[in-house]
Structure formats: C-alpha cells, structure tokens
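Below: one structure, written as structure tokens.
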Amino acid sequence: MAAPETMEFRAETRQLLDLMVHSVYSNKDSFLRELISNSSDALDKLRLESLRDKDLDVDTGDLRIILEPSADGDTRTLVVADNGIGMSREEVIDLIGTLARSGTGELRRKLAEAKDAAASDALIGQFGIGFYSTFMVADKVTLLTRKAGESTGTKWESGGDGTYTLTAVDDAPQGTSVTLLLKPVDAEDHLHDYADPAQLRALVKRYSDFISWPIQMEVAVAAPPVTEGEEPGEPTTEWEKLNSGKALWARSRDEVSDEEYAEFYRHVSHAWDAPLEVISVKAEGTFEYEALLFLPTQPPFDMFAPQRHSGIHLYVKRVFIMDDADLLPEYLRFVSGVVDAADLSLNVSREILQQDRQIRAIRRRLTKKVVATVADLRGSRPEEYSAFWLSFGRVFKEGLVNDPDNREAILKASAFASTSAPTDDSGDGLTSVAEYVGRMKTGQDVIYYMTGESQQQIRNSPHLEAFTAKGIEVLALSDPVDEMWVDAVGEFDGHRFVSIAKGTVDLDADESDEEKAAAAEALAKQGEEFAGLLAWLGQTLGDDVTEARLSARLTDSAACLVGDAYSMSPQLEKLYRASGQPVPHVKRALELNPGHPLVVGLNTAFGDEANRAGLVPTAQLVYGLALLAEGGELTDPAAFAKTLADALAAQLDG
Ligand SMILES: Nc1ncnc2c1ncn2[C@@H]1O[C@H](COP(=O)(O)OP(=O)(O)OP(=O)(O)O)[C@@H](O)[C@H]1O
C-alpha cells in the first residue's frame, strides 16, 4: 500500500463540511438513505456498463449492497458497501473531495445565517448534501473504492476537518465501501445507534425499501438446539435481506403509502423535500409502459442552470437504463420520476431513443398528463398551487412559447397576477385567463396586459391610470418569459392580448354612441389647442420619440411613452441586449395628459413664445420623467439630473 497523500478541501467544501460536523439537522438518519442511494446508482451503472462494454471483466452475478454494523466497547462502526462501478482516483477527488455542485456557496451562506434547527432543516432539505451527510453521524469517514476494469483502488479518509488523505490500495475489492466511525449515541441530538441491526433494519424499511438491489446484512443464526452429550453446534450466520425491492411504479396506488412515495421521490430526484403530487400512468396496448412522476414542492436550486436536464429515469422491464432520457419537454424540467417501458432494447442508446416512435408517444402522453395535473391542482388545492406556481410558473410558461400543440392546456393551467384578481381564499391574487375573460366589462373584447420587470413597476406605471380609473382589469406580467408568450399565443377564446403600453387604446367601449361622439369632439378640440406644442415636441425630442400626442390613458401623470402595436417593448429590448443580440433603440410615442398642470403650463408658455429659453429643457424633463415613471433607464442620467437641478434652481430664483 502506498503512503497516504494529504489533500486540502477547497474552502467552500470545508465550510460546508464544518456545518455538517456541527449540524443541528434533525433528520440525521437520512445519511443512510444517501449512501444506499449512491450504492444503488453505482450498481445500476455497472450493469449498464457491462451491457455496453462486453470486454469489461466484471462479475455482475451477485450485485448487492451490504450493511455491516459492529460495536466494540465504545468504538462503533458502520460499513455500507457495494460491488458497483466504483471510482477512479480522479473521480474520488472530483466527486468526493470537492463539492463542486452549483449553488453550494449559496447553501453555505444561508446555512450560516440560519438561526435555528428548523431553518437549517429546511435549507438542508432544500439543497441536499449527499455523501457529506455522513459527517452528521461520523467522526471519521473512510471510503475505499476500485473502479470496474482498473487494478488499483483508492482509499479516501477524512475527519471532516480541513483535509483528507488519499492512498493507493492494491487489493481493494471492486466497488465502494464507506466506513463510518460513529459518533456517540445522543438521542437528544437525533443521533441514533447506527451500529444496531434492529435500527438499521427499521431505517432501510423506512427509507430504502424500494431499492431494486438487495440490501443485505449478515446476522447470527441461533445455533441448533444441543442434545445431551453432543458438542454445541458452531454459531452460524446468514445474509438477511432488508428491503423488499419492489418497484413502486408497478404497485397500485392504494398499496403504496405517501411516505414510501416520498422516499422514492427523494431517491430518483436527489431531493430532500416531499413531492407535491404523485402522477402514475399505466399504458397498455401497442406500447406498454408504466410511469411514476412527481411534482416537487421546492425548486431544485439549479433549475435555471443551462446544463440542468430532466429528472426522468428510464427503465426497461425494471432495469435502469439512463437517467436523463428525453421523456419530457424542457419546460417540465422540474418533474422527476421513472418510466419503465416494456419493449425497448436494454442497450438502447440516447441517439436511438430520440428517434424512437415509442419514446415520442410516451413523451406526448406524459406531457399532457403533467399539464393536466397542474391544471387540476389549481382547481383542487389552490393554496398549494400558488406555492407551486411561485416556484415553477416561470419555467412552466416557457411551454406557451415552445409547445404549440399543448398551448391551450398550458394556458388553462397557468395563472397570472392582475390588477383585480380576487385575493380571497379561492384565489391568491392570481387569475387564469379564462377567469379574466369571465370578468371582462361589457363591450370589452380584448385581454389587456402590461409587462414590466416587477409587479411594483407595473402597478405604478402611468399606463395603468385610466384603466384603474375605469375599473378595467389588466394582467400584470412580470416574468421575462411573459414578453415572449403573449406574442406567441396572440389570443384566447377569440380575445386578442393587447398591451396597454402599445398602440392606441379605446377605453370607452361601454359608452353610448352619443357619449363617444362627445368625447371624440372634446379630444379633437384639445388636439387643436395643443397642435403646435405637439408638433414642436415631436421635432425637439425626435431622437427619442416618434411623435407627441394627447393621451386617453393618463389621469394623474403628465406623460407616458407608448410603443406601436407591434413594436418591441423596452423590457424585451433589454432582454435581447442582455443576451448579446444587437437591437436598434426602439422609439416610442410621447403621450401627454392634457389635464395635467405641467402640460397645460408648457402649452401656455409655448403659445406665448415658442423660442423661449427653458422650453427645450422642460421638454427633455417631461420625456425623462415619463421614462422614469415606467421604470425605464435614462440614457444620460447625469444630464437629466443637471437639467432638473437647473430647473428647480431657476424656479426658486424666480
Ligand atoms: N458508492 C458509490 N459508488 C460509485 N460512485 C459513488 C458512490 N458514492 C458516490 N459516488 C460518486 O460521487 C458523487 C457524489 O456523491 P454525492 O452523494 O455527494 O452526490 P450525488 O449523489 O451526486 O447527489 P446528491 O447530493 O443529490 O445525493 C456521485 O454522483 C457518484 O458519482
């Protein structure tokens, strides 16, 4: 055996480990689930590898997971071992020595801030900590592993402090064993006796019963009764299988408890929360398959990471095939679970899968089923739906853009903030588009919406003023994806989606013809009064605006900016720019409120003396204020500040 080499954990890993060592997490038992889960994955991988690589010299006849508790005085240990794929030395360093997953830094920061046990429980539950959870129960962890096909093994050992050692080991068995030198039992600290076979039996039953590989423990068998005059029989041992290994998806819903589903969900999705909804599908006929899918409660922290893939594991007749088979569209990437298909070849490749008719049929059916489940959730459990929507709505709505076939169903399952969605217990301040349509005023035939970067920005925007005054509901869409789908979807039930920040709006639809005629006449008269100013403003601000006109949508503010019916909104312009795409600056119309003192004053001053000093800066201020009020960004904030300061100073002087 070579001499051990001491390595240092990266700072981030070290801090996280330190938090585990001193963890107040109450569910310390979960370390066992994590180790068994890792072993089970390693066995799956070995079986697959041996199917794909016929030259790989391994024995796959007796694949299993072994628990080996022992107690010698105060020294208590537990070994969890498997004869799975194992790890190379580099893999040990990469996978075990570094906690390289994205979001780790964030977890560490939040854990350090967490004040009490409940808060840190929730955080650990949200992030999951895999192998490192062993340090909640062990003072020292030794991992011995040899990768299938390699001759030298690697021993990794750490006391959870700043360092670990690595040693090359020649005679290591293939697979991985993790030996825990257990911390003293401390019931108050939720540290149970993990060297006690009865305890282990109960934990495996609770957390890992569904694992398809046998989980075994060697137990003493009572010696046969001794008859007089005979030598006492040798005590013997036998392997006791601790799990039933039954595939959960093959059992009927009423046979499986919520807790069993929850543990299986944690295993397949590497999650620590409980599933919000369990979806099971059994298809018979041309293509036979069973699926068990889960909607999560908490978002995985890497949900928006570009490399995140779907959490659906593909099995063929109970044999694990791959873990990110393309079985659901990207906008459902928060769904995890298992699909077990009867008629695929065991060594099917990813490329073949993508072309496979059966896989495409499964994907279509599962997609519809998940979307329908989300819609049902809204109807049957509105509170849970709201929480779900808050975490996953943004991702789900990508489907409105990317999945035209299911667009209608996705829209029905979606909810949106709006200026007058009910906030009683049936609602949550969120409305469906159908409900919006049900509340539309007489004469209104379009669905009004406003996009913005936040709810606050939308709700304070001047564009909303006349809508609020007239009690017309407006959808308040503040997710980046909203910009895309309103264009892609276009209409619902014959009602067009219309942005209140674009084009002209007709808010007098419910008025009589006489009232409309009177209003039009009044506007025309005002138009004449302001004609000179409007033409001059259009010219003076020509670099930024297409024209200046009087507004029907303002009641309180002096001015706002309005795009053409089909122009790009400022948010979309910003999104494109942020993604590196060059887009020309989109000019919009400046709309003025003819009843506002600033606009009236400006018109009078312009009428008195069109060349008067101070008019140009005031025009620039009016434009800048309109931009600021909608949450926009000034191109030259310093110049704006100076113009404003000068104007204020001049006023104080006067
Ligand atoms: N028994 C094992 N055999 C082979 N590889 C293993 C074993 N245990 C862990 N690994 C490798 O180390 C990696 C890290 O394990 P760890 O438990 O920290 O995270 P994980 O299982 O990937 O995710 P999670 O933290 O969500 O459980 C695993 O993904 C796997 O590649």
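Numbering of ligands and ligand atoms starts at 1, following listing order.
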Does an N or O from Phe131, backbone or side chain, lie closer than 3.5 Å to an N or O of ligand 1?
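N/O-N/O distance below 3.5 Å exists for this pair.
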Min N/O separation Ile96 to ligand 1 under 3.5 Å:
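Checking ligand 1 against Ile96, no N or O pair falls under 3.5 Å apart.
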How would you list, by chain and number, every residue that makes a side chain to side chain contact (heavy atoms under 4.5 Å, CB included) with Asp254, sequence neighbours excluded?
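Counting only residues at least two positions away or on another chain, Asp254 forms a side chain to side chain contact (heavy atoms under 4.5 Å, CB included) with Ser252.
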Residues that Tyr265 engages under ring-ring contact (aromatic ring centres under 6.0 Å, His included), provided they are two or more places apart:
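In terms of ring-ring contact (aromatic ring centres under 6.0 Å, His included), with neighbours along the sequence ignored, Tyr265 is linked to Phe294.
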In ligand 1, which numbered atoms sit nearer than 4.0 Å to a non-hydrogen atom of Glu34?
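Close to Glu34: 27 (O).
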As an exercise, identify every atom of ligand 1 less than 4.0 angstrom from a heavy atom of Thr176.
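Those of ligand 1 that fall under 4.0 Å from Thr176 are 1 (N), 2 (C), 3 (N), 4 (C).
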Check: Ser40 side chain, Ile36 main-chain N or O, donor-acceptor pair, under 3.5 Å
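The answer is no, because no donor-acceptor pair under 3.5 Å joins these two groups.
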Applying a heavy-atom cut-off of 4.0 Å, say which part of [X] lies close to ligand 1: side chain, backbone, both or neither.
| X | answer |
| --- | --- |
| His270 | both |
| Asp82 | side chain |
| Leu95 | both |

Does the structure place the NZ or CZ of Arg378 under 6.0 Å from the centre of the six-membered ring of Trp389, at an angle of no more than 45° from the ring's axis?
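The answer is no, since Arg378 fails at least one limit relative to Trp389.
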Going by the salt bridge (Lys or Arg N to Asp or Glu O under 4.0 Å) test, name the single residue among Glu34, Glu260, Glu259 that passes it with Arg266.
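That would be Glu259.
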Quick one: are Tyr207 and Asp29 in side-chain contact, heavy atoms under 4.5 Å?
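Result yes, sub-4.5 Å side-chain heavy-atom pair found.
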